[in-house]
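All remarks here apply to the structure that follows.
Order of the sequence lines sets the chain letters (A, B, ...), proteins ahead of strands, with each chain counted from 1. Keep in mind it's a predicted model, so treat the numbers as computed, not measured.
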Amino acid sequence: MLLYAFQRFGLSVVIVMVAVSILTLMLHVVPGDPAVMILGPRATPELIEQTRVAMGLDRPLPVQIVTFFGNILRGDLGQDVFTGRSVSRIVFEQLPYTLILISVSILWAATLGIALGCYSALRRNTWLDTLTGVISVGTISIPAFVMALYSVLVFAVWLRWLPAIGAGEGFWDGIRHLILPSFAIGISWVGYVARIVRASMLEVMGQPHVRMARAYGLPDELITRSHILKIAVQPAVTLIGTGVAHLFSAAVFVEAIFARPGIGALIVQAVNERNYPIVLGAVLVTTGIIVLATLVSDLVIAWLDPRQREEL
Amino acid sequence: MASPAATRPAPQDEPLVSIDGLSVDFATPRGTIHALRNIDLEVPRGKVLGLVGESGCGKSTLAYSLIGLLSENARIAGGAIRMDGHDLARLGPRAWRDLRGQRISMIFQDPMTALNPVTTIGRQMMDIQYRDPGTRAQKRARAIEFLEQVQLPDAASKLDVYPHQLSGGMRQRVCIAMALLTRPDLLIADEPTTALDATLEMQIVTLLRELQEKFGCSVLFVSHHLGTVAELCDEVAVMYAGEVVERGAVAEVFNAPRHPYTQALFDCDPARIRVATRHLPTIPGTLPDLRQPPRGCAFRARCGKAFARCEVEHPPLYPAAPGQDARCHLVDPAEDAS
Ligand SMILES: Nc1ncnc2c1ncn2[C@@H]1O[C@H](COP(=O)(O)OP(=O)(O)OP(=O)(O)O)[C@@H](O)[C@H]1O
Ligand SMILES: [Mg+2]
């Protein structure tokens, strides 16, 4: 298991490095010279050239990438071109808001989804199974930002039950501010997770080892937990692990709609301003977290299922 | 009414289980399959009953109905399964759960898939002792004891491994250990050696025989390998198209099979063929459609000895010899007389 974890970790580092290289390349393809953006349209060519040199943009691309890696290793993501503040500080100020938002969203959604999926599989063709099925399919197809707009409209504007703007002050207020955005992000995941758990539960329930467990008169609760769910939950874990990228992109919209601070809002603003170091830093950190999430989901699966440990 | 899980002392010559007229149907989109029809059979106390017949004749269906694990689309259409005065055919889910893993346990065909792949052997062997009041250490010790009974080398260390780390033969030994650990009165083994190679098959059969004698339980042994049945069983029932067509002591039935189907089965057994041939003989024809079982004898269409009566009259089980019955009009004493 430990060796497996190390292998997986090494692979993750490689993935992050490749992702960063591609990202740097892509930023250069996008039209608009960062130096021109910073200095404005009336800057002299000399000044532009000076800024380009200061930002290292005059050097060949591979050199830029290598320098950038070197800096990352030292924890240095560069400076904000407008304020001169450290990019890593700016990014890590905003990161907790987004992390809390997406963890809360996925946590409630996955818990509810697994419970519903499990129930639907065990009580197939009951009215709750049918209802879950219909609602799942319905919510899966609604994008998070549509959900966000409607939930603002209904709960904040019409009913005035919950706040629609900002992240709140203090613990309880913070939680009140989390409800609508995490609902908007999580709701489609409930359906996803419920569907996938139901399908894989049904598959596992037909396997011979479940019949064997029944042949020993084991209690239903034990059979469901350790013979069925432990295997059936694995596709859902993978889905959530790889879905963290989607969660981040949903957060970009939802943070904009609810005017919440966070990585999403930061990236949107930085892209508009062509604030090159901040975009790069924020995307780097996000990529790291996405890769980390995949790693964690792989490790969770390896922990649940010994057959997965020896692969690779 | 006492729980069927409680043992009632019974005379030794009374059978452990007696199946009276059991019929089982499967509902399928293409019609109802009458997989078992009017099965009359007794599982003797402390002995091994073999169940043979070609694929699809209903051996597994019969085995599963004795442990209440028929699939969801199955329905017991009639008959009774009596065990200590209780009718298992009418048992509710709770009562079944009390019986399973206490008085009845089962060994499955494929040891590769029968064990829970995500739990250690030890954990599974301790889980099935969940009714026992003992401590964890006691249950663990008992698990090791039974792994030693099935001659698994280095038994204690096997508790911490997962099924996929063991070979097929070892896994089947683990399954046998688990089945015996619960000290059942009835052990059902549905083709426990079919998935194993020939050497392993012999080892497992010998092991089963030894352990059955040691623990004195009754065994229902399903197989389509006649050699293993001869080796292991005391009595045998031959099934064809959802019916028992011949039953009796192994020595009797194997020496003098009376039903043409049993005879054909022996003629096709590779182990019994003395003359070298290039082709394995097979019984010509196929099983009748179990959605509409034929009116007369079910084997009629494939039987070389069929005559007019077989067409119209369904043969009952005629006594053929002491302790041997066959479902064939040729065995009818009246037929001899005429
Ligand atoms: N769940 C089911 N639904 C529908 N038909 C079934 C089901 N299970 C078994 N059958 C049918 O019932 C008949 C008896 O099947 P069974 O599995 O008992 O045969 P078997 O003697 O065990 O065969 P094998 O040697 O291949 O294991 C077959 O015709 C089979 O197609
Ligand atoms: Mg079978």
Q) Which bit of B/Gln109 comes within less than 4.5 Å of chain A, counting heavy atoms only: side chain, backbone, both or neither? A) neither
Q. Is a side-chain donor or acceptor of A/Tyr216 paired with a backbone partner of B/Gln129 at a separation under 3.5 angstrom?
A. no
Q: Examine whether an atom of B/Thr182 lies under 4.5 Å from a heavy atom of chain A, and if so say whether it belongs to the side chain, the backbone or both; otherwise answer neither.
A: side chain
Q) Residues two or more places apart in sequence or in another chain: which of them pass side chain to side chain donor-acceptor pair (under 3.5 Å) with B/Arg142? A) none
Q | Atom group of B/Thr120 that falls short of 4.5 Å from chain A, counting heavy atoms | A | neither
Q) Mind checking whether A/Ser226 and B/Asn116 have side chains closer than 4.5 Å, heavy atoms only? A) yes
Q: Determine the option with the most heavy-atom pairs under 4.5 angstrom with chain A, choosing from B/Pro163, B/Pro184, B/Ala179, B/Ser71.
A: B/Ala179
Q: Give, as side chain, backbone, both or neither, the part of B/Ile107 having an atom under 4.5 angstrom from any heavy atom of chain A.
A: neither
Q.
Quick one, B/Val118 and A/Arg307 - any side-chain contact, counting heavy atoms below 4.5 Å?
A. yes
Q: Taking all heavy atoms of B/Leu69 and all of A/Ala215, pick out the closest pair and write down the distance.
A: CD1-CB, 3.6 Å
(Q) Can you tell me how far apart CZ (A/Arg214) and CE (B/Met106) are? Round to the nearest 0.5 Å. (A) 14.0 Å
Q: Please examine the side chains of A/Met212 and B/Leu115, heavy atoms only from C-beta on, and report whether any two atoms are closer than 4.5 Å.
A: yes
Q) B/Tyr130 side chain to A/Gly217 main-chain N or O, any donor-acceptor pair under 3.5 Å? A) yes
Q: Select one option (side chain, backbone, both, neither) describing which atoms of A/Leu222 are under 4.5 Å from chain B's heavy atoms.
A: side chain
Q | A/Lys230 side chain near B/Pro117 side chain, heavy-atom distance below 4.5 Å | A | no
Q | A/Arg124 and B/Glu72, any side-chain heavy atoms less than 4.5 Å apart | A | yes
